[in-house]
There are 2 protein chains.
Amino acid sequence: MSKQGPPLAVIDLNADAPCCPPLTQRRVPAEAAVVLAPAFKALGDPVRLQLMSMIASAEDGEVCVCDLTPAFDLTGPTISHHLKTLREAGLVDAERRGTWVYYRARPGILRQLAALLSIEPALSSQA
Amino acid sequence: MSKQGPPLAVIDLNADAPCCPPLTQRRVPAEAAVVLAPAFKALGDPVRLQLMSMIASAEDGEVCVCDLTPAFDLTGPTISHHLKTLREAGLVDAERRGTWVYYRARPGILRQLAALLSIEPALSSQA
DNA sequence: CGCCTGTCTCGACGTCCGTCTAGCCAGACA
DNA sequence: TGTCTGGCTAGACGGACGTCGAGACAGGCG
C-alpha cells in the first residue's frame with residue numbers, strides 16, 4: 001500500500017457544494033471521475049432511472065418498496081437488486097419501519113451530478 | 001400495431017428544451033427512461049467521464065483524438081472504443097479533417113441530462 | 001507513386017451485469 | 001405461539017462490457 005496520502009477523501013458526495021466545476025468548464029480530475037462515474041452508472045439503467053425518479057419525486061420524500069415493485073414487470077428480488085445498486089451508489093437511503101421498507105433520495109449526490117452536467121457556471125458557495 | 005399515436009418519437013435528445021421535468025418532481029416516463037438511460041450509462045465509466053469532460057471543456061469546442069489518447073494509460077483502440085460509445089450515446093460528434101479526427105460535444109443532450117437531475121423547477125418553457 | 005503516420009474496425013477473452021428461482025429472516029396479527 | 005406477508009440474500013445463467021492485438025483504410029509528404 002504505497003498510496004501517496006489520502007487525496008481521495010476530499011471528494012464528499014453528500015456535500016451541498018459541488019465537488020468540481022461543470023465538466024464543460026474544466027477537465028474532471030481522475031479521482032472525481034472514479035467517484036462520480038458509479039453514480040452515473042447506477043442511473044444508466046431504465047428501471048433504476050425510473051426507480052430513482054419515483055423515490056426522488058415522492059410526496060412524503062419517501063416510498064415504500066411495496067409501491068415500487070408492482071410498477072414494473074419484474075420480480076421482487078430483481079427490484080430489490082436494483083434498489084441495492086442505487087443504495088451502494090449513494091443515491092438513496094433505506095429504512096425499515098415495521099413491516100415495510102422505505103426508500104429516500106439523497107439530494108447531495110444528485111446535486112453533485114447536476115452541477116457536473118450543468119452548462120451554467122457553478123454559482124455556489126465557492127467564490 | 002395498435003399503438004395509439006407516436007409517443008416515442010417526441011423525445012428529442014438534441015432539443016434545447018428539456019424533454020421531461022426534473023426527476024425529483026415527477027416520475028420519469030418509461031419511454032424517456034429508455035432513451036436517457038444509455039446516456040447516463042455512457043458516462044458511467046471513469047475514462048469516458050473524463051473524455052467527455054475533456055471534449056466538452058475544450059478551448060476551441062473540439063479536441064483531436066491525438067490529444068485524448070496520451071492522457072490515459074490505455075491503448076489507442078480502447079480509447080477509440082470509448083469514444084465510439086460516447087458517439088453512439090449521442091453525447092459527442094466526430095469529424096475527420098485531414099489526418100486527424102476531432103470530437104465535439106453535443107450540448108443538447110447534456111442539457112437534457114442536467115435538467116433531469118436538477119433540483120430547481122424546470123424553467124423550460126421560457127425560450 | 002510509395003511510404004509513413006494516425007485512427008478505426010474486427011475478433012477474442014475475461015469479467016461484470018441483469019434476471020431468475022429458491023430459500024431465509026423480520027414484523028404483524030389472531 | 002403459530003402463521004402469513006413483505007423484503008432481502010444466495011446461487012446460477014445468458015448476455016453485454018472493457019480491454020487488448022492485428023489488420024485495414026485515409027491523408028500527408030517526399
Side-chain angles (χ1 to χ4, degrees), chain A residues 28 30 33-55 58 60 62-104, chain B residues 28 30 33-55 58 60 62-104:
Chain A
V28 175
V34 168
V35 174
L36 290 170
F40 283 119
K41 191 176 193 175
L43 294 177
D45 181 278
V47 172
R48 286 196 295 269
L49 193 55
Q50 290 178 80
L51 282 171
M52 186 68 214
S53 172
M54 292 174 74
I55 296 170
D60 310 326
E62 59 184 15
V63 188
C64 173
V65 176
C66 58
D67 291 329
L68 260 22
T69 304
F72 301 89
D73 275 341
L74 296 171
T75 64
T78 297
I79 296 296
S80 179
H81 168 69
H82 283 304
L83 289 172
K84 182 181 179 184
T85 301
L86 290 175
R87 223 184 314 135
E88 289 177 347
L91 288 164
V92 299
D93 265 333
E95 182 194 0
R96 174 170 218 120
R97 279 208 308 278
T99 305
W100 288 281
V101 176
Y102 294 88
Y103 278 79
R104 178 180 296 271
Chain B
V28 176
V34 168
V35 174
L36 259 4
F40 284 119
K41 191 177 194 175
L43 295 177
D45 182 277
V47 173
R48 286 196 296 267
L49 193 55
Q50 290 178 80
L51 282 172
M52 185 69 214
S53 171
M54 292 174 74
I55 296 170
D60 309 326
E62 59 184 15
V63 189
C64 172
V65 177
C66 57
D67 291 328
L68 260 21
T69 305
F72 301 89
D73 275 341
L74 295 172
T75 65
T78 297
I79 296 296
S80 179
H81 167 72
H82 283 305
L83 289 172
K84 182 182 180 183
T85 301
L86 289 175
R87 224 184 314 135
E88 290 177 345
L91 288 164
V92 300
D93 264 334
E95 181 193 2
R96 174 168 220 121
R97 279 207 308 279
T99 304
W100 287 282
V101 175
Y102 294 88
Y103 277 80
R104 177 180 296 272

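Every chain is numbered from 1 and lettered A, B, ... according to where its sequence line falls, protein lines coming before strand lines.
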Review point. Whole Å only: how far is the CG atom of A/L83 from the P atom of D/dT9?
Key: 11 Å
Point to revise | Spacing of A/E95 atom CD relative to C/dA26 atom P, expressed in whole Å | key: 18 Å
Review point. Step by step, would you call A/M54 with A/Y103 a side chain to side chain contact (heavy atoms under 4.5 Å, CB included)?
Key: CA-CA 10 Å; A/M54 292 174 74; A/Y103 278 79; over 6 Å; no
Review point. Expressed in angstrom and rounded to an integer, what is the separation of B/R87 atom CZ from C/dT7 atom P?
Key: 13 Å
Practice item. Please test A/L83 against A/I55 for side chain to side chain contact (heavy atoms under 4.5 Å, CB included), starting from the C-alpha separation and ending with a verdict. Key: CA-CA 10 Å; A/L83 289 172; A/I55 296 170; 4.0 Å; yes
Point to revise | Any B/Y103 side-chain nitrogen or oxygen under 4.0 Å from OP1 or OP2 of C/dC8 | key: yes
Practice item. Remember a base hit wins even if backbone is also touched, and classify A/F72 as base, sugar-phosphate or nothing at under 4.0 Å, heavy atoms. Key: nothing
Point to revise | Separation of atom CH2 in A/W100 from atom C1' in D/dC4, rounded to whole Å | key: 13 Å
Revision key, fill the gap. Residue set satisfying side chain to side chain contact (heavy atoms under 4.5 Å, CB included) with A/R96, at least two apart, ordered chain then number -> A/V101
Point to revise | Derivation of the side chain to side chain contact (heavy atoms under 4.5 Å, CB included) call for B/H82 and B/F72 | key: CA-CA 12 Å; B/H82 283 305; B/F72 301 89; over 6 Å; no
Review point. Roughly how many Å is it from OH in B/Y102 to C1' in C/dC8, rounded to a whole number?
Key: 17 Å
Practice item. Start with the C-alpha distance between A/L43 and B/L43, add both sets of side-chain angles, then the distance that settles side chain to side chain contact (heavy atoms under 4.5 Å, CB included), and finish with yes or no. Key: CA-CA 10 Å; A/L43 294 177; B/L43 295 177; over 6 Å; no
Check your understanding: Between the side chain of B/S80 and the main-chain N/O of B/G76, is any donor-acceptor distance below 3.5 Å?
Key -> no
Check your understanding: Just by protein heavy atoms under 4.0 Å, how would nucleotides 16-29 of chain D read 5' to 3' in B, S and -?
Key -> -SSBBBB----SS-
Point to revise | Whole-Å distance separating the CD atom of B/E88 from the C1' atom of C/dT9 | key: 12 Å
